[in-house]
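Computed from a predicted structure; not experimentally measured.
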Amino acid sequence: MNFDYFYNRQSEMYNFIRLPMVLVEDEVFRSISIEAKVLYSYMLNRMGLSYKNGWIDEDGKVFIYYTIESIKDQFNCASEKANKLIAELDVKSGIGLNEKKRQGLGKPNRIYVKDFMSVFSSPNNRNTDFRKTEIQTSDNRNSRLPNNRPQDFRKSESNYNNISNNELRKNDFNKGQKPYGIYKNIFLSDEEYKDLTNEIGIRINEYIDRLSSYMKANNRIYQDHKATIINWYLNDQAKNINENSTGKMNYDIGESL
């Protein structure tokens, strides 16, 4: 097939689902297949629409509807494969990223999508033995890097993994920046914080904590935290515009999760 290029604003014309990098890279989620991770991303995408539709239970928990037929159609698979993917995510048979509640009387099941980042919020969720295994696995993987990998790749990988956090913090304080976020790893000056507040409004601390958790969970380092937060915010705004243009989400009455 001869596919054409994207030209100019054509690159903005499609809707996308987001697959969080932590699902792909972190050892916590290594047990589930990439297809199950994509299915979870579809579920995350539906959460925003569910909130707009008012699909919230008496405890304030947002839920979605997702039929087997929808999964079969999206993944071009049979019922057996669709159920296998669901099982990988289920709280009873899988990793626990979703939980279904039966409503009875021919109504479709409610699907509660769990927050994938919440596992990192409590140190009790990741014990010392697991972290030790994770570190050893990472070290062994790096030690087995083939010698024929490009020199530029090894150099950039080394720079990425070996940046001194203490040195970064020293530089941040020299710029007059202060630590913010759950893990105090987001550095902003008073002027930067003011600019972000003017841009984002009352959700500023939500975005700061979101970036703080993401960096901690993935061992990520960003040179400009203000620019990263604004980029995330603008991406979310664009996503909301796409969702609003789609209209309210409907579900088919039929075989459900």
Enquirer: Does some side-chain heavy atom of Arg18 sit less than 4.5 Å from a side-chain heavy atom of Asn45?
Expert: no
Enquirer: For Glu206, check salt bridge (charged side-chain N to carboxylate O under 4.0 Å, His left out) against everything at least two apart and list the hits.
Expert: Arg203
Enquirer: Are the side chains of Lys61 and Ile56 in contact, using a 4.5 Å heavy-atom criterion?
Expert: no
Enquirer: Hey, are Glu88 and Lys84 close enough for a salt bridge, meaning a charged N less than 4.0 Å from a carboxylate O?
Expert: yes
Enquirer: Heavy atoms, side chains only, cut-off 4.5 Å: are Leu19 and Ile34 in contact?
Expert: yes
Enquirer: Could you check if a side-chain atom of Phe63 sits within less than 4.5 angstrom of a side-chain atom of Ser50, using non-hydrogen atoms only?
Expert: no
Enquirer: Any carboxylate oxygen within less than 4.0 angstrom of a Lys/Arg side-chain nitrogen, looking at Lys81 and Glu35?
Expert: yes
Enquirer: Salt bridge or not for Glu25 and Arg220, using N-O below 4.0 Å?
Expert: yes
Enquirer: Is any side-chain heavy atom of Ile86 less than 4.5 Å from a side-chain heavy atom of Lys100?
Expert: no
Enquirer: Just wondering, more than 12 heavy atoms not from Ile202 lying within 6.0 Å of its CD1?
Expert: no
Enquirer: So does Gln177 get a backbone contact from the side chain of Ser189, meaning a donor-acceptor N/O pair under 3.5 Å?
Expert: no
Enquirer: Taking the side chain as everything from C-beta on, heavy atoms only, tell me whether Ile64 gets closer than 4.5 Å to Met47.
Expert: yes
Enquirer: Would you check if Asp57 and Val62 make a side-chain contact, meaning some heavy-atom pair closer than 4.5 Å?
Expert: no
Enquirer: Ignoring hydrogens and geometry, is there a side-chain-to-backbone donor-acceptor pair from Asn98 to Ile111 under 3.5 Å?
Expert: no
Enquirer: In terms of the angle between their ring planes, are Tyr42 and Tyr66 parallel, tilted or perpendicular, with boundaries placed at 30° and 60°?
Expert: perpendicular
Enquirer: Are Leu23 and Tyr40 packed together at the side-chain level, in the sense that at least one heavy-atom pair is separated by less than 4.5 angstrom?
Expert: yes
Enquirer: Using modelled atom types and a 3.5 Å cut-off, is there a donor and acceptor pairing between side-chain atoms of Asn53 and backbone atoms of Trp55?
Expert: no
Enquirer: Side chains of Asn198 and Tyr193: do they bring a donor and an acceptor to under 3.5 Å?
Expert: no
Enquirer: Answer yes or no: does atom CG of Asn2 have more than 12 heavy-atom neighbours from other residues, nucleotides or ligands under 6.0 Å?
Expert: no
Enquirer: Could you work out, with side-chain contact (heavy atoms from CB on, under 4.5 Å) as the rule, every residue matching Asp190, not counting sequence neighbours?
Expert: Lys178, Tyr180
Enquirer: Report yes or no: does Asn218 contribute a side-chain atom to a donor-acceptor pair with the main-chain N or O of Tyr214 at less than 3.5 Å?
Expert: yes
